[in-house]
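Chain A is the first sequence line, chain B the second, and so forth, proteins listed ahead of strands; every chain is numbered from 1.
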Amino acid sequence: MGHPEGYTATDILARYKRMRGYNVLHPMGWDAFGLPAEQYALQTGTHPAETTKKNINRFREQLQALGFSYDWQREVSTTDPDYYKWTQWIFLKLFEKGLAYEAEAPVNWCPALGTVLSNEEVVNGRSERGDHPVVRKPMRQWMLKITAYAERLLADLELVDWPESIKEMQRNWIGKSEGAEVDFAIDGLDATLRVYTTRPDTLFGATYMVVAPEHPLLDHLVTDDTRHAVAAYKTAAANKSDLERTELAKGKSGEFTGSYAVNPVNGEKIPVWTSDYVLVSYGTGAIMAVPAHDERDYEFANTFDLPIAEVISGGDISKEAFTGNGVLVNSANTEIDLNGMDVAESKAAITAWLEQKGLGAGKVNYKLRDWLFSRQRYWGEPFPILHVDGKPVAVSADLLPLVPPTVDEYRPSPEGDPPFSRNAEWVNTVDPVSGKPAWRETNTMPQWAGSCWYYLRYIDPQNDQAPVDPEKEKYWMPVDLYVGGAEHAVLHLLYARFWHKVLFDCGVVSHPEPFHRLVNQGMILGEVEITLFRDSEGKPVSDSEVRNRENEFTSERIPESEAVKKGEGFVWKQDENIRLRARAHKMSKSRGNVINPDDVVMKYGADSLRLYEMFMGPLEQVKPWSMKGVEGVYRFLNKVWRLFELPISDSACDADQARLLHGLIKKVTEDVEGLRFNTSIAAMMEFVNAAGKWDSLPREAAERFVLVLSPFAPHLGEELWQRLGNTETLAYVDWPEFDEAVLLMDEVEILVQIKGKPVARIMASPKASPEELISLAKAQPDVAAAIAGKRLVKEIAVPGRLVNLVAV
RNA sequence: GCCCAGGUGGUGGAAUGGCAGACACACGGGACUUAAAAUCCCGAGCCGCAAGGCGUGCGGGUUCGACUCCCGCCCUGGGUACCA
């Protein structure tokens with residue numbers, strides 16, 4: 001169980017909104033397909049459904065112990081056949097619309113483990129678990145055509161109230177770029193090489209071409225002289241992992257194909273190379289290289305001694321590629337002259353010319369790739385697909401759900417086929433429509449599938465006629481507030497938006513975007529650790545010496561008492577020349593800094609955990625855990641309890657008490673609306689500190705305080721509510737109102753500054769006009785003395801706040 | 001490299017452009033106690049005996065007034081990575 005920070009935040013808001021009379025849909029569900037249960041099944045032979053059920057029960061208990069007010073009647077699990085029936089139904093919609101297709105795609109196959117691994121499970125070409133070699137093996141996969149929705153996924157970000165950072169990450173992921181495709185003829189071959197470029201303006205500066213090692217034309221480009229070397233290069237590139245092709249590749253590699261392309265603007269013959277710095281999956285898989293104005297091409301040209309031709313002035317191409325804006329040079333033929341134009345002008349001019357000549361056209365590209373949507377695993381949704389005569393055919397929707405077959409083992413077959421293939425009786429069947437022999441799809445859907453639409457099912461979890469009733473959907477959607485971790489910023493949120501848009505096009509949902517407001521809770525780190533480093537001889541060394549070479553040193557965690565603050569950081573008490581490292585780290589089992597919420601609940605109670613998680617700081621921020629901080633809020637709750645040991649009086653609040661009470665209600669109301677839970681807790685603490693000094697507690701103050709506290713600490717809230725003589729839960733009692741009039745003071749302190757420096761304080765009505773304040777201020781003896789004999793250049797007064805006299 | 005977020009006491013953090021450090025933790029002092037725990041009271045940004053000075057990563061700017069707005073940098077964290 002992770003930290004219940006987001007759950008607590010939404011629970012507080014849900015409880016608050018309920019008290020304000022809203023219908024609140026606050027559900028919980030389980031995204032329970034996937035690895036943990038499958039791993040356990042592999043090891044023990046236990047059916048994953050059994051493990052899943054157990055895990056869900058344990059998790060539900062943990063959540064219930066924290067007092068979250070979920071509507072458990074709406075609980076869903078992605079692994080429940082009544083749920084995944086509709087996941088499969090949505091897949092059929094995608095299939096019908098041509099958005100789901102089969103393709104050969106390379107996957108990470110680990111022969112030793114007999115399974116396919118995700119990219120995250122592969123480290124340096126070896127399996128994270130067991131350190132076995134991993135190879136890239138093409139396999140038949142299901143793909144979803146998310147690229148067809150790229151433009152809408154980009155444009156509709158304007159419709160939602162999300163943090164700008166998340167929107168920006170999605171924009172980058174979609175990666176729209178505008179440029180042109182240009183056709184180059186190949187000298188001596190009846191073939192053209194099409195390239196994509198965002199810089200058609202630099203066409204006159206193209207001095208060579210590069211095709212990706214996987215480019216289909218490559219085999220036609222090689223000559224007898226180059227065939228051998230190019231084949232070797234292709235093999236080497238194919239065996240490189242993604243990581244090796246990018247991060248680890250310091251320099252450029254490549255091979256000359258033996259062919260030449262003809263630059264359509266000047267008829268120049270330029271060599272065609274192949275290199276893995278060009279990706280087959282982006283654009284056309286081929287580029288025109290303009291080393292003078294592209295950093296990658298520049299590096300490649302220098303490595304292989306290829307010519308560099310300047311076509312934009314403004315840089316020094318003998319030193320580096322110039323990628324900025326400038327004036328075009330050396331860019332004219334008999335029909336078109338770009339010289340003298342800037343980059344933007346020349347782009348438009350050359351693109352128009354290419355289009356007119358039929359040599360190319362403007363083109364928009366996206367980095368976004370189609371979504372690899374199948375896994376070779378057991379514990380996932382079966383695809384409702386039959387293969388008949390070599391073609392995929394949809395299983396009729398009224399035969400859903402299609403449940404996973406029983407198998408003797410939960411691992412792939414010895415041939416490497418997915419686990420479902422172990423049950424031949426299930427796989428081999430007959431197409432009920434044509435009566436022809438058919439075999440069932442044996443891949444399963446990835447874990448994303450079920451989590452792409454769960455928010456819709458919460459609205460109508462029992463419906464067996466549709467994923468969601470249209471009327472109910474209209475009433476509840478879109479989701480008003482989604483609190484989640486930033487780790488979902490791109491993939492989950494993009495996939496869910498994609499499915500939602502498909503459902504929108506099918507008329508299943510009424511709004512183009514699923515989640516109106518999104519807030520990312522910040523991660524909670526472990527406690528701050530202070531680390532002392534020592535070199536190989538055991539001599540202590542400063543943190544700054546260690547930077548980026550951690551593995552050459554040993555580190556030890558030392559207690560806070562051995563550290564002293566000096567300058568920016570901490571130094572070691574025993575030798576103040578040794579700088580220490582003070583940092584909080586991500587909670588992880590291997591680091592041993594995991595704080596288990598269960599333990600905190602056991603020791604301090606659920607309300608303390610809830611309150612502390614909210615008191616730590618702003619919801620969105622990354623925050624380090626502190627057990628001392630938990631004790632602090634625990635003390636506060638005890639103080640609240642003791643406050644209610646005061647006699648409860650039936651007399652009304654006096655003016656000061658009322659002002660305090662209404663101030664609290666105002667502060668908490670506004671802060672909860674703005675999700676500023678930390679400052680609302682601080683306000684409650686101030687109230688309790690002040691009220692603790694009273695002789696008795698007026699009933700109206702006692703009751704309203706409990707109501708305001710209750711969304712944060714529901715257990716204590718209900719208990720105190722009962723002790724005040726109430727017999728019903730406070731969950732649906734009206735949230736207390738505040739009265740601005742009560743907050744008004746007859747007189748407030750006004751600061752008087754002279755040239756911005758505080759000089760005196762005067763008392764005045766908060767409504768006093770600037771003129772009144774200024775004359776009052778000038779009459780104050782200290783002020784009068786300070787400005788005596790000086791000329792007042794400017795007089796500023798802010799009612800209720802301050803007076804600033806600028807005297808020279 | 002690029003994109004995003006952030007840098008305020010010993011610590012977590014608070015401050016519609018208007019007295020920086022609310023609230024809490026840790027710390028020091030005191031009360032209660034045989035003692036401890038719990039609780040309560042008091043103190044405290046830094047330098048300085050004091051007067052006073054200096055303080056929101058650094059350098060500029062706008063303003064009567066800047067943690068807050070603008071420009072340029074530095075550092076930390078997260079994401080991404082040869083996308084032509």
Side-chain angles (χ1 to χ4, degrees), chain A residues 163-169 171-173 175-177 179 195-199 202 210 242-243 245-247 249 252 275-279 281-290 293-297 299-300 365-369 486-487 489-490 520 522-523 525 527-528 560-561 563-565 568 570 582-584 586 612 615-618 620-633 635-636 638-639 642 676 678-686 689 692-693 749-759 761 792-798 800-807:
Chain A
E164 197 47 44
S165 61
I166 300 290
K167 289 192 186 183
E168 199 56 31
M169 282 164 82
R171 287 190 197 107
N172 290 341
W173 194 262
K176 181 178 184 173
S177 76
V195 301
Y196 173 70
T197 177
T198 55
R199 297 296 304 276
T202 62
V210 186
D242 283 351
L243 204 74
R245 280 183 66 154
T246 58
E247 202 168 337
K252 294 272 185 284
S275 170
D276 62 7
Y277 86 91
V278 172
L279 309 175
S281 48
Y282 185 76
T284 61
I287 61 157
M288 63 173 205
V290 184
H293 306 291
D294 182 281
E295 282 164 21
R296 298 150 302 184
D297 298 345
E299 191 191 346
F300 190 86
N365 252 323
Y366 300 91
K367 277 202 265 185
L368 185 68
R369 308 282 168 76
E487 67 272 19
V490 178
N520 279 122
M523 205 189 334
L525 306 176
E527 299 240 6
V528 173
E560 217 179 308
S561 55
V564 193
K565 179 90 173 185
E568 290 286 281
F570 287 90
R583 246 197 77 178
K586 253 186 219 182
Y612 177 63
F615 186 60
M616 292 171 89
E620 300 89 335
Q621 204 162 298
V622 177
K623 304 158 285 262
W625 183 268
S626 155
M627 249 341 163
K628 292 288 187 190
V630 184
E631 281 174 33
V633 297
R635 281 205 282 268
F636 163 69
N638 281 312
K639 221 169 182 176
R642 286 195 302 274
R676 292 181 298 270
N678 54 330
T679 47
S680 29
I681 293 168
M684 289 188 255
M685 288 173 168
E686 284 181 272
N689 287 343
K693 299 191 174 88
E749 191 180 79
I750 305 284
L751 176 73
V752 184
Q753 298 179 324
I754 292 178
K755 279 177 80 177
K757 286 198 175 182
V759 171
R761 280 142 230 277
L792 288 178
V793 186
K794 200 155 187 177
E795 301 171 359
I796 295 115
V798 182
R801 288 267 186 195
L802 59 61
V803 173
N804 189 9
L805 302 174
V806 186

OP1 or OP2 of C19(B) versus the side-chain N and O atoms of Asn804(A): is any pair under 4.0 Å? no

How is Pro163(A) classified with respect to the nucleic acid when contacts are heavy atoms under 4.0 Å: base, sugar-phosphate, or nothing? nothing

NA contact type, Thr197(A), heavy-atom cut-off 4.0 Å: base, sugar-phosphate, or nothing? sugar-phosphate

Touch check for Val806(A), heavy atoms < 4.0 angstrom, all strands: base, sugar-phosphate only, or nothing? sugar-phosphate

Watson-Crick or G-U wobble partner of A31(B), both distances under 3.5 Å: U39(B)

Please tell me which of the listed nucleotides, C82(B), C19(B), A5(B), lies nearest to the side chain of Lys252(A)? C82(B)

What is the nucleic acid contact for Gly283(A), judged by heavy atoms within less than 4.0 Å: base, sugar-phosphate only, or nothing? nothing

Looking across every strand, which nucleic acid part, if any, lies under 4.0 Å from Asn689(A) by heavy atom: base, sugar-phosphate, or nothing? sugar-phosphate

A38(B) phosphate, OP1 or OP2: any side-chain N/O from Arg642(A) under 4.0 angstrom? no

Verify the contact: side-chain N or O of Arg583(A) to OP1 or OP2 of G77(B), cut-off strictly under 4.0 Å; return yes or no. yes

Report the relative orientation of the aromatic rings in Phe300(A) and Tyr277(A); use parallel for angles under 30°, tilted for 30 to 60°, perpendicular for over 60°. tilted

Is Arg635(A) near enough to A26(B) that one of its side-chain N or O atoms lies under 4.0 angstrom from OP1 or OP2? yes

Which of these nucleotides, A84(B), U11(B), U39(B), is closest to any side-chain atom of Leu279(A)? A84(B)

Length of the NZ-C1' vector between Lys639(A) and C25(B), whole Å: 13 Å

Taking pairing as Watson-Crick or G-U wobble with both contacts under 3.5 Å, can you name the mate of C69(B), or confirm there isn't one? G61(B)

Classify the side chain of Glu795(A) and the base of C64(B) as holding, or not holding, a donor-acceptor pair under 3.5 Å. no

Answer yes or no: does a side-chain N or O of Gln621(A) lie under 4.0 Å from OP1 or OP2 of G13(B)? yes

If you look at every strand shown and take non-hydrogen atoms under 4.0 Å, does Phe615(A) touch a base, only sugar-phosphate, or nothing? base

Watson-Crick or G-U counterpart of C49(B), or none if no pair lies under 3.5 Å: none

Does a side-chain N or O of Lys628(A) approach OP1 or OP2 of C25(B) to a distance below 4.0 Å, or not? no

Heavy atoms under 4.0 Å, any strand shown: does Arg171(A) hit a base, just sugar-phosphate, or nothing? nothing

Watson-Crick or G-U wobble partner of G6(B), both distances under 3.5 Å: C75(B)

Pairing nucleotide - A24(B), Watson-Crick or G-U, each distance under 3.5 Å: U11(B)

Return the value, rounded to whole Å, for the distance between atom CZ of Arg676(A) and atom C1' of A24(B). 19 Å

Answer whether the closest heavy-atom distance between the side chains of Asn689(A) and Lys639(A) falls below 4.5 Å. yes

